[in-house]
Amino acid sequence: MNTSISTSAPAFTENSIEARVDAYDWPSLARELDGFGCVVLPKLLAPDECAAVSGLYSEERHFRNHIIMARHGFGRGEYRYFNYPLPGLLSGLRTALYPHLAGIANRWNERMGVAERYPDEHAAFLRQCHEAGQRRPTPLLLQYVPGDFNCLHQDLYGELAFPIQVATLLSEPGQDFTGGEFVLTEQRPRMQSRVEVVSLRQGDAVAFAVHNRPAQGTKGSHRVNLRHGVSRVRSGMRHTVGIIFHDAR
């Protein structure tokens, strides 16, 4: 199989990506997201696709910015933000995933009393971002080596922020690296914080709340605050690709 994902010759058509995403049991995924703020999408990418995306890291033409985490107090490790146009596979994933998540996001906002509603199609939401001055693409490729970690954070890049994002593990745990677990914390009103440690295999993705989500309490819904990060990598090299649906200022 051709694993090239260059913008000039993407290996995977938009229709094939859309069919792959549509095949998930989205009602079940939505219930998991509602209940815990995160859910795993098993085998979103095949091993050769993971290798192809990871291989882009050294090709600077694909990226607009290179961040060394330690310089900013973000942790240890590094990542690169993609440029537009995105590689075909990533652009297709962003487009195909968004409609399934937009309905969940709108329902969350309704429960939290937030007026913002998201359009059905990602292109329409991006137009809103660009009109608000948020024009820089946010999908990113992250690289960790032994001792690296990502501090708990939220990926908010402007006034407009889509409340769910997706991260796909491109490396195989136990083979390419050890450690480096995805971690999500949830700060609950007048209660101790709750932690989720998400186990992923190569090609698995996790969809998770960016900032806030509604939680059901004894007196109805209330808002909880979430942050995510990555625990310390103990050996090897770990690559992840993040799909963020809003653009940045």
Side-chain angles (χ1 to χ4, degrees), residues 1-14 16-17 20-21 38 40-70 74-97 136-151 153 155 165-183 198-208 228-245:
M1 180 182 292
N2 178 11
T3 58
S4 168
I5 59 169
S6 69
T7 54
S8 59
F12 303 94
T13 68
E14 186 173 335
S16 69
I17 296 168
R20 184 186 316 181
V21 170
C38 61
V40 174
L41 284 65
K43 299 181 180 178
L44 179 63
L45 295 182
D48 54 353
E49 295 173 304
C50 293
V53 178
S54 297
L56 297 178
Y57 198 83
S58 61
E59 300 181 20
E60 297 208 7
R61 64 188 176 89
H62 292 290
F63 303 98
R64 66 173 177 83
N65 203 3
H66 183 193
I67 304 296
I68 305 298
M69 295 186 197
F74 297 163
R76 283 183 54 182
E78 58 184 79
Y79 55 90
R80 294 178 183 267
Y81 286 107
F82 283 95
N83 262 324
Y84 279 134
L86 299 176
L89 177 58
L90 302 184
S91 178
L93 283 172
R94 207 181 188 203
T95 299
L97 287 163
R136 296 187 297 165
T138 48
L140 69 165
L141 187 55
L142 303 100
Q143 178 174 280
Y144 303 86
V145 296
D148 288 352
F149 61 94
N150 197 345
C151 294
H153 66 285
D155 293 312
Q165 69 189 69
V166 176
T168 305
L169 183 61
L170 304 176
S171 307
E172 181 61 39
Q175 177 177 314
D176 299 322
F177 72 97
T178 60
E181 294 86 0
F182 177 88
V183 178
V198 181
S199 297
L200 300 171
R201 306 301 302 181
Q202 183 183 46
D204 290 350
V206 56
F208 57 96
H228 64 279
V230 173
S231 70
R232 177 166 53 98
V233 171
R234 299 182 181 275
S235 66
M237 182 177 289
R238 179 189 191 273
H239 285 105
T240 306
V241 64
I243 301 293
I244 299 166
F245 296 94

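Checking side-chain atoms of Gln202 against main-chain N and O of Leu170 turns up a donor-acceptor pair under 3.5 Å. At distances below 3.5 Å, not a single donor-acceptor pair connects side-chain atoms of Ser91 with backbone N or O atoms of Pro87. Using modelled atom types, no side-chain atom of Ser235 and backbone atom of Phe177 make a donor-acceptor pair closer than 3.5 Å. Judged by distance alone, the side chain of Arg94 and the main-chain N or O of Ile244 form a donor-acceptor pair under 3.5 Å.
Nearest heavy-atom pair across Met69 and Arg76 is SD-O, 3.7 Å. Of all heavy-atom pairs between Ala205 and Val166, the closest is CB-CG1, 3.8 Å. The shortest non-hydrogen separation linking Gly179 to Ser231 is C-OG, 4.4 Å. The two atoms that bring Val198 and Cys38 nearest to each other are CG2-SG, 4.0 Å, heavy atoms only. Residues Gly88 and Ile17 come closest through the heavy atom pair O-CD1, 4.2 Å. Shortest non-hydrogen contact noted between Leu86 and Pro139 is CD1-CG, 3.9 Å.
Within the 4.5 Å cutoff, side-chain heavy atoms of Leu93 are placed close to those of Leu45. Between Tyr57 and Met237, the closest side-chain pair of non-hydrogen atoms is not below 4.5 Å. Contact of the Glu181 side chain with the Val230 side chain is not registered, since no non-hydrogen atoms from C-beta on lie closer than 4.5 Å.
For the atom pair OG1 of Thr168 and CG of Leu89, the computed distance is 9.0 Å after rounding to the nearest 0.5 Å. Rounded to the nearest 0.5 angstrom, Asn65 CG and Tyr81 OH are separated by 7.5 Å. Note: Arg234 CZ to Thr178 OG1 = 7.5 Å, rounded to the nearest 0.5 Å.
For His153, the ring-ring contact (aromatic ring centres under 6.0 Å, His included) partners two or more places apart in sequence, or in a different chain, are His228. In this structure Phe82 satisfies the ring-ring contact (aromatic ring centres under 6.0 Å, His included) test together with Phe63, sequence neighbours excluded.
More than 12 heavy atoms of other residues, nucleotides or ligands shown are found within 6.0 angstrom of CD on Glu59.
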Verdict with supporting geometry, Phe74 and Phe149, side-chain contact (heavy atoms from CB on, under 4.5 Å): CA-CA 9 Å; Phe74 297 163; Phe149 61 94; over 6 Å; no
Please assess Glu60 against His66 for the test side-chain contact (heavy atoms from CB on, under 4.5 Å), listing each intermediate value before the final yes or no. CA-CA 9 Å; Glu60 297 208 7; His66 183 193; 5.8 Å; no
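If you check the side chains of Thr138 and Arg136, you find no donor sitting under 3.5 Å from an acceptor.
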Got a list of side-chain donor-acceptor pairs under 3.5 Å for residues 140-148, not counting sequence neighbours?
from   : atom 1 : to     : atom 2 : distance (Å)
Gln143 : OE1    : His239 : NE2    : 2.8
Tyr144 : OH     : Asn150 : ND2    : 3.2
Asp148 : OD2    : Val145 : N      : 2.8

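Salt-bridge check for Glu49 with Arg20: passed, with a basic side-chain N closer than 4.0 Å to an acidic carboxylate O.
Partner of Val206 under the side-chain contact (heavy atoms from CB on, under 4.5 Å) criterion, out of Thr240, Leu41, Leu200: Leu200 alone.
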